[in-house]
Amino acid sequence: MTDTSVDISIKQALQGEIAFDTNVTIKGWVRNRRDSKAGFSFIIMHDGSCFDGIQVIADANLDNYAGEIKHLTTGCSAIINGKLVKSGGKGQSCEIQAYSVEVTGMVEDPETYPVQPKRHTMEFLRSVAHLRPRTNTFSAMTRVRNTLAQAVHRFFHGNGFNWISTPIITASDCEGAGDMFRVTQLDLANVPMTDKGEVDYSKDFFGKETYLTVSGQLNVESQALALSKVYTFGPTFRAENSNTTRHLAEFWMIEPEVAFHDLNDSADLAEDFLKYVFNAVLEENADDMQFFDNFVKKGVIDQLKSFQTDSFARVDYTDAIDILLASGKKFEYKVEWGAELQTEHERFLAEEHYNKPTVIMNYPKTIKPFYMHCNDDDKTVACMDVLVPGIGELIGGSQREARLDVLIERMKEHDLDLEEYQWYLDLRRYGTVPHAGFGLGFERLVSYVTGINNIRDVIAFPRTPGNAKF
RNA sequence: UCCCCAAUAGCUCAGCUGGUAGAGCAAGUGACUGUUAAUCACUGGGUCGGCGGUUCAAGUCCGUCUUGGGGAGCCA
């Protein structure tokens, strides 16, 4: 019987790709077992290929029925060989009538197996991150995350972009941004010192201080000024002591950069990009998304669908300030031109005023980094934040300052060491062009799409302050 | 990092003003059933997050640390 058997995924069976009466083999993990004293057991098997499991009918006359099959519990692994048949019960179209159930791994102590067939809290599952992919929520999240990652590459590839791998180890704190993770080979118990009593980094692996990257932007700009359309998609690190539902110390970031683009082009690109990847998930993960819509966040499917036709709200920072002032809302932080928008302000704009992804453009230059293009008003820079309901900032981007003299002036204002940035300034010396790009936090995207509100639950093994387990 | 809250069985929780612990689910056994988060009965299972303190007595009160949650800051 097994000679003619076909190895299939559960997805193939449930999607009707396999004809009834075919002799098939599936391999996976037991989700649940129910016994019938009429002489057989129902075993629900999952293999991660799709949201649902397949029901296996194991008859009592199988050799190992009493010895093994009757003792199968949630989490056991098995190889099932049998005939794919039309289901004799309600709730599923097909099932497998087993010829053999080969148990590959029992669960050592069923009582302490953490993943029970019941609702668990996300906090508990995070503490067993090595086993949580066996749950509905995490297997669905993983498939959606995969679809998004594939769609990211497909979108850019289809639009003529080159994927650039920017360095993960970097020698300079590019944006003068926050804390970075140090990379060193020095013996921390015996650090070499200079005559001045400072750490002698010339003795270190790279001969200077090095860190994990916080952004590939400056590097990828140089690629854009030759290949025109480029993007990065890779790991990024921030040593900020942020304890929120939307920050990770290690996350994946997508950073497109396009020559001859201005800010509006960049906002258009961001919009097209989101439409594309949202649509990919709607098409490829309908069952997973239905689960999220039912049990994680009501309305999450409609949220993605409505964005296909209804695009970004776009508003200038200056106008956003007026909207906030005119709203009559009492805010904890004062609304005034020149100040950062606080979370409460962003939430009001994206969740109450517009209730859809909202782009705020052209912020005061005093609160933004040195590399952003100075607008003609000499007060604002050409930048944008894309805010989405429930997440906050999903995308941050800007048109870059392409004029050498203006850029140098801005760097001096920010107290940067010009020597360190000569290569970056060269890009303005040799054939400079206007260009623009943005950064998008991949996990925030997964969070928005799935409705899973804690960013620690949209990556397999989250890295956060005080937690690098697994 | 700041403010607030929480930590009790494998999981989710209850435990009033201090007197050494309970339920549901899970697990084990049995009954029953083409079942489907099955149902019913019985059984086993806890150094009440760590350390220190107050008290005759601490799950309960106080201090501190750790972890987690909600919010804020920083940002993607």
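Side-chain atoms are counted along with the backbone in the values below, which use heavy atoms only and exclude waters and symmetry mates. Chain naming here is simple, since letters A, B, ... match the order of the sequence lines and numbering starts at 1 in each.
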Identify which nucleotide among [options] has an atom closest to any side-chain atom of [X], counting heavy atoms from C-beta outward.
X: A:Phe251; options: B:G28, B:G73, B:A76; value: B:A76
X: A:Glu393; options: B:G68, B:U35, B:C75; value: B:C75
X: A:Arg126; options: B:G68, B:A72, B:U35; value: B:G68
X: A:Ser87; options: B:G73, B:G70, B:U35; value: B:U35
X: A:Arg444; options: B:G73, B:G34, B:C75; value: B:C75
X: A:Glu240; options: B:C74, B:G69, B:U35; value: B:C74
X: A:Pro110; options: B:A27, B:G73, B:U1; value: B:A27

Is [X] side chain donor-acceptor paired with the [N] base, going by distance under 3.5 Å alone?
X: A:Glu340; N: B:G73; result: no
X: A:Ser242; N: B:C75; result: no
X: A:Asp35; N: B:U33; result: no
X: A:Arg238; N: B:A76; result: yes
X: A:Glu123; N: B:G69; result: no

Does a side chain donor of either A:Asp47 or A:Ser49 reach within less than 3.5 Å of an acceptor in the other side chain? yes
Now, which nucleotide makes the Watson-Crick or G-U wobble pair with [N], with each of the two distances under 3.5 Å?
N: B:A41; result: B:U29
N: B:G22; result: B:C13
N: B:C61; result: B:G53
N: B:C74; result: none

Given atom [atom1] of [X] and atom [atom2] of [N], what is their separation to the nearest angstrom?
X: A:Arg134; N: B:A26; atom1: CZ; atom2: P; value: 19 Å
X: A:Ile44; N: B:G34; atom1: CD1; atom2: P; value: 16 Å
X: A:Leu72; N: B:A27; atom1: CG; atom2: C1'; value: 15 Å
X: A:Arg34; N: B:A37; atom1: CZ; atom2: C1'; value: 9 Å
X: A:Leu341; N: B:A72; atom1: CG; atom2: P; value: 14 Å
X: A:Asn453; N: B:G69; atom1: CG; atom2: P; value: 10 Å
X: A:Arg119; N: B:C11; atom1: CZ; atom2: P; value: 18 Å
X: A:Lys334; N: B:G73; atom1: NZ; atom2: P; value: 18 Å

For the P atoms, the ones on B:G10 and on B:A27, what distance do you get once it is rounded to whole angstrom? 15 Å
Taking B:G73 as the reference, what is the distance to B:A14 when you measure between their C1' atoms (whole Å, please)? 37 Å
Salt-bridge contact [X]-[Y] (side-chain N to carboxylate O under 4.0 Å):
X: A:Lys365; Y: A:Glu401; result: no
X: A:Glu209; Y: A:Arg182; result: yes
X: A:Glu443; Y: A:Arg145; result: yes

How is [X] classified with respect to the nucleic acid when contacts are heavy atoms under 4.0 Å: base, sugar-phosphate, or nothing?
X: A:Asn243; answer: base
X: A:Ser127; answer: nothing
X: A:Asn32; answer: sugar-phosphate
X: A:Phe237; answer: nothing
X: A:Gln92; answer: base

Pick the nucleotide of RNA chain B nearest each of A:Arg456 and A:Thr112; which residue has the one closer to the 5' end? A:Thr112
Mapping A:His120 and A:His71 to their closest nucleotides on RNA chain B, which lands nearer the 5' end? A:His120
Considering residues, nucleotides and ligands other than A:Lys356, do more than 12 of their heavy atoms fall under 6.0 Å from its NZ? yes
With a 4.0 Å limit, can you tell me whether [X] has a side-chain N or O closer than that to the phosphate oxygens OP1/OP2 of [N]?
X: A:Gln342; N: B:G73; result: yes
X: A:Asn454; N: B:G69; result: yes
X: A:Thr343; N: B:G71; result: no

What is the distance from atom CZ of A:Phe307 to atom OH of A:Tyr448, rounded to the nearest 0.5 Å? 7.5 Å
Atom pair NE2/CH2 of A:His46 and A:Trp29 - distance to nearest 0.5 Å: 12.0 Å
Quick check on the 6.0 Å ring-centre criterion: do A:Phe442 and A:Phe251 meet it? no
Under the criterion of centre distance below 5.5 Å and interplanar angle below 30°, is A:Tyr113 classified as stacked on the base of B:G10? no
